[in-house]
Amino acid sequence: MDKVVATAQEAVAEVGDGASLAVGGFGLSGVPNVLIQALYEQGTGSLSVVSNNCGAMESGLAVLLAAGRIARVTGSYIGANKEFARQYLAGELEVEMIPQGTLAERLRAGGAGIPAFYTPAGVGTQVADGGLPWRYDGSGGVALASPPKEVREFDGVEYVMERGIRTDFALVRAAKGDRHGNLVFNKSTRNFNPLAAMAGRVTIAEVEELVEPGGIDPDAVHLPGIFVQRVLALTPEQAADKKIEQRTVSS
């Protein structure tokens, strides 16, 4: 039951080339940077990544993206990541863009063993009809486009069918975890981390604070340890290393 590993390198050692990854985080919040860095140092490539966004400010998944280690991204936000946009438009990267709520539910559904579900989000658009550019040819043309999805009517309303997402591995970051893998997330880090953790067949969690079993009130657990296979305790320095995406100053 003790799922704690000694090093980040040990935690990601089995993540090989071509693996699919669900990665937690929302912007720069709750990103498993230590595990991502270990993957980078390991040299793993040709990855298929499912994440809300693909890193920013040369941190998070942007480390792997800039090194050419990511082959496909399933996400909902490109934002200010210029390298992400460049690779996508140049035909170097396959990208499946999904409405943010749909992405969240596809991850949750996959983790819950639900193969597909219906949602009104995207009906009447290319999300349902197909034709979204997944890969460009580098000359402005579309080399690969999304296929049409099943649309079905319930009670007079049309819904599009979306598939649940399962990945080989998941990388997440939690504020607190115990040796059994029970996790607690802080504020907005709870947006995608629990969902990504559910979707991974092997889930690896880096935790800012490691406590002994019983150190987390059962009512406070956000993600049960059944979804987590490995736990990495961060050093105080690693836990405190949190970047700010947009620094604002008020008068």
Side-chain angles (χ1 to χ4, degrees), residues 2-75 78-88 90 92-95 167-175 177 179 181 183 185 189 192-193 196-197 199-210 227-245:
D2 190 343
K3 301 175 182 179
V4 175
V5 294
T7 66
Q9 289 72 25
E10 179 185 348
V12 302
E14 293 180 6
V15 182
D17 291 346
S20 59
L21 298 174
V23 182
F26 190 81
L28 299 186
S29 176
V31 179
N33 287 309
V34 175
L35 293 172
I36 291 170
Q37 183 64 30
L39 266 186
Y40 170 77
E41 294 171 359
Q42 181 172 285
T44 309
S46 301
L47 295 166
S48 294
V49 172
V50 183
S51 185
N52 175 62
N53 55 290
C54 202
M57 295 173 58
E58 301 179 350
S59 70
L61 287 171
V63 172
L64 296 172
L65 184 74
R69 307 281 183 79
I70 297 177
R72 191 179 198 276
V73 175
T74 302
I78 293 178
N81 191 327
K82 294 181 180 180
E83 178 60 15
F84 187 176
R86 187 201 66 76
Q87 289 189 25
Y88 176 39
E92 300 170 11
L93 185 68
E94 187 174 311
V95 178
T167 58
D168 300 324
F169 297 89
L171 308 180
V172 299
R173 178 169 179 142
R179 292 182 178 274
L183 303 179
F185 303 94
T189 66
F192 273 95
N193 271 300
R201 293 180 176 88
V202 174
T203 293
I204 309 164
E206 60 180 63
V207 300
E208 297 174 11
E209 180 185 358
L210 177 67
F227 290 108
V228 179
Q229 282 68 50
R230 296 172 200 156
V231 177
L232 173 70
L234 300 181
T235 67
E237 293 75 21
Q238 290 171 331
D241 184 16
K242 299 177 182 179
K243 295 177 174 61
I244 298 174
E245 189 169 3

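The shown structure was predicted, so the numbers you read here are calculated from the model rather than taken from an experiment.
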Give the minimum heavy-atom separation between A67 and Y40, together with the two atoms involved.
CB-CE1, 3.7 Å
Minimum side-chain heavy-atom gap E94-V73 below 4.5 Å
no
May I ask you to decide if G75's main-chain N or O and N52's side chain share a donor-acceptor pair within less than 3.5 Å?
no
In the structure I gave you, are the side-chain heavy atoms of T167 and F169 within less than 4.5 Å of one another anywhere?
no
Is there a side chain to side chain contact (heavy atoms under 4.5 Å, CB included) between V228 and L183 once you walk through the steps?
CA-CA 9 Å; V228 179; L183 303 179; 3.8 Å; yes
Output yes when a side-chain donor or acceptor of D17 lies under 3.5 Å from a complementary backbone atom of G45, and no otherwise.
yes
Does any N or O in the side chain of Q42 come within less than 3.5 Å of the main-chain N or O of V15, such that one atom is a donor and the other an acceptor?
yes
Looking at R230 and E206, is there a salt bridge between them, counting it only when a charged N and a carboxylate O are closer than 4.0 Å?
no
Crowded around E14 CD? As in, over 12 foreign heavy atoms under 6.0 Å?
no
May I ask you to say whether E208 pairs ionically with K242, meaning some side-chain N is under 4.0 Å from a carboxylate O?
yes
Kindly give the heavy-atom pair with the smallest separation between G200 and A170, and that separation in Å.
CA-CB, 3.8 Å
Here's a test for you: under side-chain contact (heavy atoms from CB on, under 4.5 Å), which of V31, I36, L171 qualifies with L61?
I36
Is a donor on one side and an acceptor on the other found under 3.5 Å between the side chain of S46 and the backbone of A71?
no
So which of Q238, E237, K243 actually passes side-chain contact (heavy atoms from CB on, under 4.5 Å) with D241?
K243
For E58, does the CD atom sit with more than 12 other heavy atoms under 6.0 Å from it, leaving out its own atoms?
no
Evaluate the criterion side chain to side chain contact (heavy atoms under 4.5 Å, CB included) for residue pair L210 and R179; output intermediate values, then yes/no.
CA-CA 7 Å; L210 177 67; R179 292 182 178 274; 4.3 Å; yes
Can you measure from CG (L234) to CZ (R173) and round to the nearest 0.5 angstrom?
5.0 Å
Heavy-atom closest pair, residues L93 and I70
CD1-O, 3.3 Å
To the nearest 0.5 Å, how far apart are NZ in K3 and CD1 in I204?
12.5 Å
Closest non-hydrogen atom pair between Q37 and V63, with its separation
OE1-CG1, 4.0 Å
Test item: side-chain donor near acceptor, S20 and D168, under 3.5 Å
yes
Would you please test S59 and L28 for side chain to side chain contact (heavy atoms under 4.5 Å, CB included) and show each step?
CA-CA 8 Å; S59 70; L28 299 186; 3.6 Å; yes
Looking only at heavy atoms, which two atoms of P32 and G24 are closest? And how far apart?
CD-O, 3.5 Å
Are L65 and Q87 close enough that some pair of their side-chain heavy atoms sits under 4.5 Å apart?
yes
Determine yes or no for a side-chain-to-main-chain donor-acceptor pair under 3.5 angstrom, with S51 supplying the side chain and V23 the backbone.
yes
Before giving the answer on side chain to side chain contact (heavy atoms under 4.5 Å, CB included), spell out for T189 and V172 the whole-Å C-alpha distance, their side-chain angles and the decisive distance to 0.1 Å.
CA-CA 10 Å; T189 66; V172 299; over 6 Å; no
N53 side chain vs G27 backbone, donor-acceptor pair below 3.5 Å
yes
Quick check: does any side chain N or O of E10 sit under 3.5 Å from a backbone N or O of A6, one acting as donor and the other as acceptor?
yes
